[in-house]
Peer 1: 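Next up is a structure, given as structure tokens.
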Amino acid sequence: MNEEMKTRRKRLIVICILVMLFAAGLVICESDFMGKDDTSAIQYLEVYSAFLPLLVYIVPFGLVLRWLGRKYDVKGWELLLSVFCGALIPAALAGQINGGFDDLMKSLLGHSYSEDWLGSAEAGVVEEVLKLAAAALLLYVLQRRALKDYLLIGMSVGLGFQIEEDLSYITESGFEKTSDAFPSALDRVSCCFGSHWAYAAVTAAGLYLIIRSGSRNHRRRGILWILFVMADHSLYDTPIADSLLFNALLQAAIVMPVILFFTSPKMKTEKSRNFQGIPAIKKE
């Protein structure tokens with residue numbers, strides 16, 4: 001009974017942390033949708049109407065998530081909660097950290113600082129760590145511990161992050177020049193295939209291998225998958241990805257692991273149970 005009380009207290013603490021981060025994210029993300037003081041209502045409507053092209057991927061991705069949730073017995077509200085947490089926690093914090101890092105590096109290195117290279121590497125690491133942390137907190141609170149849970153919760157967090165980032169890019173460019181809003185939206189849609197939803201799914205699967213491992217081999221594989229995602233993400237943000245071929249290769253390289261994890265034998269044999277600590281898996 002004493003152990004049960006400790007577990008409940010820990011979960012309550014984590015829930016409080018999530019609620020506070022969620023509330024902070026609401027305040028931070030609000031600024032992404034605000035124009036300058038002299039922005040007219042017409043400009044707001046023109047910029048916000050550019051959100052519509054994002055439905056090209058949001059609707060299909062949402063339907064796929066719903067189907068996967070039913071197939072693997074993950075509740076719809078858990079996936080929806082993960083989407084909102086992904087949009088309002090890691091996305092909000094990443095924007096603040098990335099901006100602070102750029103300002104610090106510019107003040108230290110001046111013109112020698114390259115946002116395209118050093119900034120991209122920092123963003124790749126920070127954003128993936130934040131998304132993974134949000135997914136881990138949700139998995140703990142929701143008492144989910146199977147590979148399918150890690151994949152679906154991670155994917156949902158990543159999708160939420162992706163949607164919020166796309167919206168902020170549209171408003172940032174649109175409020176500077178209204179005619180840039182739709183081109184920015186179309187650009188975001190063009191790179192939706194191998195984006196944050198896939199990054200977060202793979203890092204969550206990597207975390208599963210690390211936490212649930214009973215062997216060093218599993219832990220190494222988990223760490224390597226997380227590092228792989230960070231490297232892929234960082235490269236995608238560099239000028240190298242301007243090449244259509246390299247861009248396509250980077251997107252395919254991150255989607256393939258998602259497919260591999262979903263088709264792995266564990267997805268068929270492992271059943272999700274209530275979280276009672278995290279036991280180790282048997283060595284293979």
Side-chain angles (χ1 to χ4, degrees), residues 21-22 25-26 28-29 32-33 48 50-69 78-98 120 123-136 138 150-174 181-205 226 229-230 232-237 241 247-248 250-259 261-262:
L21 290 174
F22 193 92
L26 278 172
I28 294 171
C29 289
D32 291 340
F33 300 91
Y48 287 170
F51 293 165
L52 292 176
L54 299 183
L55 295 176
V56 170
Y57 80 80
I58 292 175
V59 172
F61 278 29
L63 292 174
V64 170
L65 265 179
R66 183 183 180 187
W67 174 73
L68 289 172
E78 294 176 331
L79 298 178
L80 188 61
L81 174 64
S82 301
V83 170
F84 276 104
C85 284
L88 294 173
I89 298 177
L93 294 177
Q96 297 296 305
I97 294 173
N98 291 341
S120 296
V125 172
V126 168
E127 291 178 11
E128 296 313 321
V129 168
L130 290 174
K131 283 182 291 182
L132 184 57
L138 284 165
Y150 277 69
L151 281 169
L152 286 174
I153 296 298
M155 186 185 296
S156 300
V157 168
L159 180 60
F161 186 105
Q162 184 172 331
I163 293 171
E164 163 56 24
E165 184 179 71
D166 289 350
L167 294 177
S168 66
Y169 269 95
I170 293 170
T171 54
E172 182 181 6
S173 59
F182 265 96
S184 178
L186 295 176
D187 179 64
R188 301 307 297 177
V189 171
S190 69
C191 60
C192 70
F193 177 64
S195 191
H196 292 286
W197 69 269
Y199 293 144
V202 177
T203 54
I226 294 173
V229 171
M230 291 179 178
D232 189 285
H233 185 172
S234 297
L235 286 173
Y236 191 85
D237 288 344
N247 186 297
L250 287 173
Q251 292 197 55
I254 199 61
V255 172
M256 284 305 299
V258 178
I259 297 174
F261 278 116
F262 269 108

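Starting from 1, each residue takes its place in the sequence as its number.
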Peer 1: Nearest 0.5 angstrom please: Trp197 CH2 to Ile163 CD1, how far?
Peer 2: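 Trp197 atom CH2 to Ile163 atom CD1 measures 13.0 Å (nearest 0.5 Å).
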Peer 1: At what distance, to the nearest 0.5 angstrom, does CG of Leu167 lie from CD of Gln162?
Peer 2: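 Interatomic distance, Leu167 CG to Gln162 CD, rounded to 0.5 Å: 10.5 Å.
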Peer 1: Could you tell me whether the side chains of Asp187 and Tyr169 share a donor-acceptor contact shorter than 3.5 Å?
Peer 2: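 There is no such pair between these side chains.
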Peer 1: Quick check on side chain to side chain contact (heavy atoms under 4.5 Å, CB included): which of Leu152, Leu138, Leu65, Leu159 does Ser82 satisfy it with?
Peer 2: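 Exactly one candidate clears the test, Leu138.
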Peer 1: Would you say the side chain of Gln251 lies within less than 4.5 Å of the side chain of Asn247, judging by non-hydrogen atoms?
Peer 2: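 Yes, their side chains come closer than 4.5 Å.
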Peer 1: How far apart are the closest heavy atoms of Pro90 and Ala134, and which atoms are they?
Peer 2: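 Shortest heavy-atom separation between Pro90 and Ala134 comes out as CD-CB, 4.0 Å.
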Peer 1: Taking the side chain as every heavy atom from C-beta outward, state whether Phe51 and Phe33 have any pair of such atoms under 4.5 Å apart.
Peer 2: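 The answer is yes, as the side chains (C-beta and beyond) meet within the 4.5 Å cut-off.
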Peer 1: Closest heavy-atom contact between Phe182 and Pro53?
Peer 2: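 Heavy atoms of Phe182 and Pro53 come nearest at CE2-CG, 3.8 Å.
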Peer 1: Between CG of Asp237 and CD of Glu127, what distance do you get to the nearest 0.5 Å?
Peer 2: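 Output value for this atom pair is 6.5 Å.
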Peer 1: Does Lys131 reach the side chain of Thr203, with side-chain heavy atoms less than 4.5 Å apart?
Peer 2: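 In short, these two side chains do not touch, never coming nearer than 4.5 Å.
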Peer 1: How many angstroms lie between CG in Leu130 and CG in Asn98, if you round to the nearest 0.5 Å?
Peer 2: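 The CG atom of Asn98 is 8.5 Å from CG of Leu130, to the nearest 0.5 Å.
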Peer 1: Kindly say whether the aromatic ring centers of His196 and Tyr199 come within a distance under 6.0 Å.
Peer 2: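 Ring centroids of His196 and Tyr199 are less than 6.0 Å from each other.
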Peer 1: Let me confirm one number: the CG-CG distance from Leu54 to Leu186, rounded to the nearest 0.5 Å.
Peer 2: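 Answer rounded to 0.5 Å: 9.0 Å.
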Peer 1: Would you indicate whether the side-chain heavy atoms of Phe262 and Leu68 approach each other to under 4.5 Å?
Peer 2: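 They are in contact (side-chain heavy atoms under 4.5 Å apart), so the answer is yes.
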Peer 1: Heavy atoms, side chains only, cut-off 4.5 Å: are Tyr48 and Thr171 in contact?
Peer 2: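 Sidechains of Thr171 and Tyr48: in contact.
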Peer 1: Quick one, Glu164 and Asp32 - any side-chain contact, counting heavy atoms below 4.5 Å?
Peer 2: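 Yes; the side chains approach each other to less than 4.5 Å.
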Peer 1: When rounded to the nearest 0.5 angstrom, what distance separates OG in Ser184 from CD in Glu172?
Peer 2: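 Here the interatomic distance stands at 8.5 Å.
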Peer 1: Which heavy atom of Tyr57 sits nearest to which heavy atom of Cys192, and what is that distance?
Peer 2: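 Nearest heavy atoms, Tyr57 then Cys192: CB-SG, 3.5 Å.
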Peer 1: Looking at Gly154 and Ala135, what are the two nearest heavy atoms and their distance?
Peer 2: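 Closest approach of Gly154 to Ala135, heavy atoms only: CA-CB, 4.3 Å.
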Peer 1: Grab the two heavy atoms, one from Glu78 and one from Ile153, that are nearest each other, plus how far apart they are.
Peer 2: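 Here Glu78 and Ile153 meet closest at O-CD1, 4.2 Å.
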Peer 1: Less than 4.5 Å apart, side chain to side chain, heavy atoms only: is that true for Tyr236 and Cys191?
Peer 2: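 Yes, side chains in contact.
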Peer 1: Between Leu151 and Ala201, which heavy-atom pair has the shortest distance, and what is it?
Peer 2: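 Looking at all heavy atoms of both residues, the shortest contact is CD2-O, 3.6 Å.
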Peer 1: So, does Glu128 use its side chain to make a donor-acceptor pair with the main chain of Met230 at under 3.5 Å?
Peer 2: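 Looks like no, no N/O pair under 3.5 Å.
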